[in-house]
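Each remark here refers to the structure printed beneath this line.
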Amino acid sequence: MASGTTTAGGAPLRQDAAGERRWRARRHRWDVRWSPYAYIAPFFVFFAAFGLVPLLYTAWASLHRVELTAPADMEWVGLRNFSRLVADEFFWNALKNTVTIGLLSTVPQLLIALGVAHLLHGRLRGSMFFRVVALTPYATSVAAATLVFVLLFGRDYGMVNWALGLAGIGPVNWQNGAWASQFAVSTIVIWRWTGYNALIYLAAMQSIPDELYESAALDGASRWRQFVHVTVPSLRPTILFTIVVSTIGATQLFGEPLLFNGSAGATGGSDHQFQTLGLYLYEQGWVNLHLGRASAIAWAMFLILVLLGTAAGLINAYRRRTG
Amino acid sequence: MRTHTRVPRTRALLLAAAVALGAAPAAGCAADRDGDDGRTTISVGLFGSFGFKEAGLYDEYMRLHKDVVIEQTSIQRNENYYPQLLTHLVSDSGLADIQAVEAINIAEITATQAHRLEDLGTAPGVRKDDFLPWKWAQATTKDGRTVGLGTDIGPQAICYRKDLFARAGLPTDREAVGRLWAGDWRAYLETGKRYRAKAPAGTAFTDSASGVLAAITGSSARRFYDEDGTVVYKRNPAVREAWDIAASFATENLTARLQQFTPAWDQAYANATFATVSCPAWMLGYIEDKAGAAGRDRWDVAAAPRPGNWGGSFLVVPRSAKHRAEAVRLAAWLTAPEQQAKLFQRRGSFPSASAAHALPAVSGARHPYFNDAPTGRIYTRAAQGVPVTILGPKDLVIAQNLADVGMLQVDQRGRSPEAGWDAAVRTIDNALDL
């Protein structure tokens with residue numbers, strides 16, 4: 001707080017009072033000029049420390065051979081860390097897994113969220129209770145949720161296989177089956193994020209004017225037709241937003257597959273069948289200790305996101321021009 | 001064209017800070033609070049359960065040194081603990097006064113981090129002759145500084161369920177069981193086939209093919225590296241033989257197809273679904289915890305086909321430790337033969353101090369949970385026969401990918417031993433390539 005303080009001392013002399021006024025005026029000018037910077041500084045300081053510096057360091061490290069055992073020893077290798085990714089079967093496998101797990105988790109998640117939001121939006125006894133319930137999984141830590149899901153999806157003593165067994169379906173190896181494991185990991189993501197997206201949809205739904213529904217009802221539209229022709233079109237910007245956010249989240253998927261693998265950590269299953277890009281990055285950097293290679297993967301992920309964003313933007317612009 | 005740069009110190013610090021961010025989530029807070037009463041707080045950073053606290057060693061030390069308070073932090077799995085330890089070491093922050101290092105990582109720590117660690121070999125009260133020579137050598141640098149003091153070693157035995165053996169028509173007496181496979185891992189495989197012929201429903205002979213692989217590779221002197229530090233696991237006949245035998249357990253349906261140290265493995269202990277497991281001394285406590293009261297006196301311990309070592313640990317003191325002198329004193333005390341003997345008696349961690357082996361607390365020890373098996377005698381004999389394994393910096397990566405990628409594919413996905421081997425080799429090649 002730069003202003004509002006008083007000078008110390010006893011009875012001031014007259015010339016001092018004039019000086020005091022000038023001093024105050026100057027301080028006021030400084031205050032007006034610099035305080036705003038001080039107010040926004042925390043964000044930028046934190047962004048610089050936790051966003052910009054790591055970003056730049058990662059870019060620099062990705063051009064070097066550098067090991068976690070001695071991060072200060074850097075050997076220039078140019079773009080080799082990137083060029084080798086092209087021939088790296090594990091990188092492509094991780095990219096493929098990231099896409100399939102991303103689709104397996106994002107699509108059902110948003111569809112279910114839309115449905116849940118629609119239910120919560122309707123007249124419902126104790127709607128506040130259900131809203132809180134919907135958000136509870138989001139408030140659960142990844143680690144806690146995943147550890148519970150590991151038990152549920154256990155091959156020998158898991159509840160899921162027990163229920164399937166009642167239906168006469170043989171035990172599924174959720175950990176080491178190819179599709180089974182991806183499905184299991186996606187389930188954790190869906191469980192955690194559906195409620196969150198549902199609340200976002202719900203907020204958007206509540207801003208849709210009731211008149212639209214009333215006139216639709218007068219025209220004889222069923223609730224389902226109201227949903228398809230009134231709710232969904234009105235939600236389009238919100239749906240786009242959740243798709244973007246979920247896609248970013250899916251690209252960075254890490255905690256769930258890491259913990260789902262129990263003791264084996266970053267391998268993502270015996271055949272790397274659920275090793276995502278984030279997990280492969282972690283394995284290269286903190287298991288194999290190759291920081292340079294890990295940095296290259298991080299930047300490749302970043303570039304993929306930029307590419308996706310640009311493509312989405314172009315499609316949008318094209319549609320706006322033609323439509 | 002490659003140039004080699006050494007980054008100046010300030011930037012190095014910055015980089016290290018950036019590196020440290022990567023490991024932030026699990027960052028334990030190394031305690032640097034000193035008591036208001038002027039007592040010194042020594043922090044100890046461990047993985048898993050060393051049992052120092054449980055065996056009352058901290059309390060005893062604090063009784064002997066009224067001015068010291070010991071605080072311990074522990075991360076359950078070494079796979080999570082070790083990267084964090086490395087990050088803390090290279091960034092010189094967040095370290096506890098004493099840190100534990102698993103045997104599989106000690107070669108890398110000694111080769112790359114020795115300049116950041118205290119020389120404990122010259123610390124007062126530490127006698128080289130107290131320790132097994134090979135254990136001492138594993139934490140000693142080329143220029144003769146000993147940066148780690150051995151805590152325990154992992155001499156191996158086979159733990160088996162007497163009740164399941166009886167129902168399968170196999171002998172149950174531990175001497176007779178040991179004779180079933182004495183001298184040859186293939187005889188262990190043959191015993192498995194005999195077990196399978198009359199196996200109680202829903203049980204398998206052993207827990208996992210990876211467990212067998214770890215046990216066999218632990219009983220050969222030359223494993224993944226040769227004397228001059230070259231990676232040789234691919235062309236080492238001992239590793240290939242171990243692979244083939246272990247894979248046979250999977251292809252012959254002798255395993256419960258589990259992965260060790262997972263919840264499913266723990267549950268299998270509680271449900272008694274496998275009859276044998278290769279158990280280094282430190283695993284006894286684990287089995288007792290997981291098999292619980294229902295397993296009391298059902299489990300017993302027999303000699304392994306061949307003596308081998310699996311695991312064990314070291315204590316190191318970082319040079320940047322807040323209370324360096326006190327930490328060195330505590331590390332020396334915790335690893336002294338008398339304390340190691342107590343730890344064996346109370347927790348089952350087998351002493352790396354050979355001076356402790358002759359103490360009655362060790363040589364005469366029996367384990368009440370395991371039918372009063374003379375574990376002292378069994379493990380002491382195994383420890384005497386343990387080969388001096390050549391360690392290398394990337395032992396962990398090689399061992400883990402052989403087990404959790406290659407052998408797990410054979411065990412759980414029904415891949416052929418050849419296909420599993422190829423998958424493991426491809427992963428390891430990728431991991432070792434800088």
Side-chain angles (χ1 to χ4, degrees), chain A residues 49-50 53-54 56-58 60-61 64-78 80 84 88-91 143 147 150-151 154-158 173 175-178 255 261-267 269-273 282-294, chain B residues 1-7 9 11-12 14-19 21-23 77 79-80 83-84 86-87 90-91 108 111-113 256-264 267-268 271 273 393-394 396-397 400-401 403-409 411-413 415 423 426-427 430-434:
Chain A
F50 297 103
V53 170
L56 295 179
Y57 169 70
T58 314
W60 180 244
H64 292 82
R65 167 184 293 177
V66 45
E67 298 291 294
L68 184 61
T69 47
D73 285 328
M74 299 181 118
E75 188 183 341
W76 178 262
V77 293
R80 184 171 139 65
R84 71 196 302 174
D88 183 346
E89 57 165 321
F90 301 101
F91 175 75
L147 293 180
V150 166
L151 293 176
R155 182 196 57 191
D156 298 337
Y157 306 105
N173 190 344
Q175 217 106 31
N176 271 312
N261 202 14
S263 61
T267 58
S270 65
D271 210 6
H272 315 284
Q273 68 271 18
Y282 179 76
E283 186 180 36
Q284 281 298 7
W286 278 268
V287 179
N288 302 338
L289 313 182
H290 308 318
L291 282 189
R293 294 181 69 183
Chain B
M1 279 280 288
R2 287 171 175 174
T3 55
H4 200 85
T5 53
R6 249 204 108 83
V7 185
R9 188 168 160 74
R11 208 195 300 157
L14 204 66
L15 301 187
V19 169
L21 292 175
R77 299 204 48 79
E79 285 80 353
N80 302 325
Q84 193 195 325
L86 266 184
T87 329
V90 298
S91 61
E108 188 161 57
T112 67
Q113 308 298 321
R257 307 196 185 284
L258 293 160
Q259 194 175 4
Q260 294 196 321
F261 302 102
T262 59
Q267 289 165 332
N271 289 284
T273 55
K394 296 298 174 190
L396 174 64
V397 170
Q400 205 201 336
N401 283 314
D404 289 334
V405 172
M407 196 50 85
L408 197 62
Q409 287 193 12
D411 213 5
Q412 290 203 5
R413 296 182 66 125
R415 294 269 166 81
R426 280 209 313 281
T427 312
N430 179 50
L432 297 192
D433 189 7
L434 299 175

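Values below: all heavy atoms of this structure, side chains included; hydrogens, waters and symmetry mates excluded. Since the model is a prediction, treat every value here as computed from it, not as a measurement. Order of the sequence lines fixes the chain letters, A, B, ..., with proteins taken first and strands second; residue numbering starts at 1 for each chain.
Heavy atoms closer than 4.5 Å to chain B are found in both the backbone and the side chain of A/Asp271. Looking at A/Ala266, there are no atoms closer than 4.5 Å to chain B (heavy atoms on both sides), in backbone or side chain. Only the backbone of B/Gln260 has a heavy atom closer than 4.5 Å to any heavy atom of chain A. The contact between A/Leu289 and chain B is made entirely by side chain atoms (from C-beta outward), counting heavy-atom distances below 4.5 Å. Proximity to chain A is limited to the side chain of B/Gln113, based on heavy atoms less than 4.5 angstrom apart. Both the backbone and the side chain of B/Val405 come within contact range of chain A, with heavy atoms under 4.5 Å apart. For A/Thr267, the part sitting under 4.5 Å from any heavy atom of chain B is the side chain, from C-beta outward, and nothing else. Residue contact with chain A, scored on non-hydrogen atoms closer than 4.5 Å, involves the backbone of B/Leu432 exclusively. Both the backbone and the side chain of B/Ala431 come within less than 4.5 Å of a heavy atom in chain A. Looking at B/Ala256, the atoms closer than 4.5 Å to chain A (heavy atoms on both sides) all sit in the backbone: N, CA, C or O. Only the side chain of B/Arg415 comes within less than 4.5 Å of a heavy atom in chain A; its backbone stays farther off.
When each of A/Gln175, A/Arg84, A/Glu283, A/Gln284 is scored by its heavy-atom pairs under 4.5 Å with chain B, the top score falls to A/Arg84. Annotation: maximal heavy-atom pairing with chain A below 4.5 Å, among B/Gln400, B/Glu79, B/Lys394, B/Gln267, occurs at B/Gln267. Of the listed residues B/Leu258, B/Asn430, B/Asn401, the one with more heavy-atom pairs under 4.5 angstrom with chain A than any other is B/Asn430.
Between the side chain of A/Arg155 and the backbone N or O of B/Ala264 there is no donor-acceptor pair closer than 3.5 Å.
Across every non-hydrogen atom of B/Thr427 and A/Phe90, the tightest pair is CA-CZ, 3.6 Å. Closest approach of A/Trp286 to B/Pro83, counting heavy atoms only: O-CG, 3.2 Å.
Looking only at side-chain heavy atoms (C-beta outward), A/Arg293 and B/Asp433 come within less than 4.5 Å of each other. Between A/Ser270 and B/Gln412, every side-chain heavy-atom pair lies at or beyond the 4.5 Å cut-off.
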Intermediate values then yes/no, side-chain contact (heavy atoms from CB on, under 4.5 Å), A/Asp156 and B/Thr273: CA-CA 10 Å; A/Asp156 298 337; B/Thr273 55; 5.9 Å; no
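Between the OG1 atom of B/Thr87 and the CG atom of A/Leu68 there is a distance of 5.0 Å, given to the nearest 0.5 Å.
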